[in-house]
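Only a predicted model underlies this, so the values are computations on that prediction, with no experimental measurement involved. Order of listing sets the numbers, starting from 1, for every ligand and every atom in it.
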Amino acid sequence: MDNIRIVETIRQVDPTIANLCAAEDSRQADGIRLIPSENYVSPAVRAALASNFTNKYGEGYPGKRYYQGQRNTDALENEVRRRACEIFGYPHANVQALSGAPANLAVYAAFMKPFSGRIMAMRLDHGGHLTHGSPVSVTGQWFEISHYGCDEHDVLDMDQIRRQAREFKPDILVCGYTAYPRSIDFQAFGSIAQEVGAISLADISHIAGLVAGGAHPSPWPHMDVVTFTTHKTLRGPRAAIILSKDPQHADKIDKALFPGLQGGPHFNTIAAVGVALAEASTEGFKSWAHQVVANARALAAALAERGFHVSSGGTDNHLLLVDTRKSRGLPGKRVAIALEQVGIFLNFNTIPNASPLQKPLFPDGIRLGPPAVTTRGMNESQMPRIAELMDRALENVKRGRIEKGTGIWADPSARKALRAEVQAFASEFPTFAGFPENP
Ligand code: DSN
């Protein structure tokens, strides 16, 4: 079903929700979406989400359910598990996690007891995730944490991580990040974990689509367990998958997720994950994944050319970090709010080795990336235009004053003009351009 038919079907029952859906359709079409954890799913993925599988309940795993009537759900879940194993090369897949946080929690619960387990992972302000042991997450409250970070060049130092792991002796060594623009050396992480007797966990939520498309090295066979959300570069619905190598690990993880943490799986979502995996195994998807990395590099280069400070000097994946305070004297939050006003969506983000003024909710920079605009069909030739629109907006904002009622723009008419330019530029690209032809 296309967007209009979906909205009109809802409108017959609920005009309020229909209007909100229509407004969101417009927002997603009229703007330039650069949040690297977002994307546009295909019409087939959306249709699977709306399928009758939403009507079925069924706790447990295929062949071992607590409800009758599972002929189709068992076949569905087995097929989606098989596809995940085939694409990522792991022998075991659990496809029931509702999102990334319960997937990571299930892995911790499978291998550790609260108040005795030890996790070593990347610190949040250098690109780690809340579920990698942040003090505000139960993962940081229930387990002893040792965080590693980036070096003075904003990249990981594997020798330092090895020394830290030898000293701390974690039960689980985590790699995989939410805001790290460089390739991950899974082989090195796997060997460190093996040396210190830890389970190695790769949270590849951000890069799962790049791994599936061969645009980032694979964690197989180096990491024991892999978790990832399915809605970022994998271009699926909001859910998560857990892969494992060892059948005993797989058994512990299955039990930790259900009945340990969750109830019945969302079968309509699992169906949509299956469709996304079918799409991810095509040549067109591989081509798209490589285009995402090419676009991210082109965007980083275009911003650097305009004097923006790109953390670590560039990117190997789908995202980049820009220190806007260093580049333009503007903190990330002010930049993100101003750009939203012209229809460019990204998020304010901490930057490794930032100024002493940086705080988690008032960081020095922004995080951005081209997965969603690549799905709309953009390539390297459009990235300088995006950098130019951002630069012109920030040049105006830099001269603006933060005063109640006057906004943050030196010249509010420039904001209006830029908004129109962004809208015209975005309208040249459909929100789903299909999958590219064979590379
Ligand atoms: N870490 C969030 C992001 O990358 O946007 C999702 O959990």
Asks: Let me know which protein residues bring a heavy atom to under 4.0 Å of ligand 1; chain then number is fine for ordering.
Replies: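 Ser37, His129, Thr178, His206, Lys232, Arg367.
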
Asks: Are a donor atom and an acceptor atom from the side chains of Asp203 and His129 found within less than 3.5 Å of each other?
Replies: no

Asks: Please tell me if the side chains of Trp220 and Leu243 come closer than 4.5 Å, counting only heavy atoms from C-beta onward.
Replies: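 A side-chain contact is absent here, since even the closest heavy-atom pair is not under 4.5 Å.
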
Asks: For Arg182, enumerate each residue passing the side-chain hydrogen bond (donor to acceptor under 3.5 Å, both in side chains) test, keeping only those at least two apart in sequence or located in another chain.
Replies: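 By the side-chain hydrogen bond (donor to acceptor under 3.5 Å, both in side chains) rule, Arg182 matches Ser312, Asp316.
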
Asks: Is the ring pair Phe189/Tyr148 parallel, tilted or perpendicular, if the boundaries are 30 and 60 degrees?
Replies: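 It falls in the tilted class, 30° to 60°.
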
Asks: Under 3.5 Å, is there a donor-acceptor pair linking the side chains of Thr375 and Trp288?
Replies: yes

Asks: Under the 6.0 Å and 45° cation-pi test, does Arg46 pair with Phe432?
Replies: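 Here Arg46 fails the 6.0 Å and 45° test against Phe432.
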
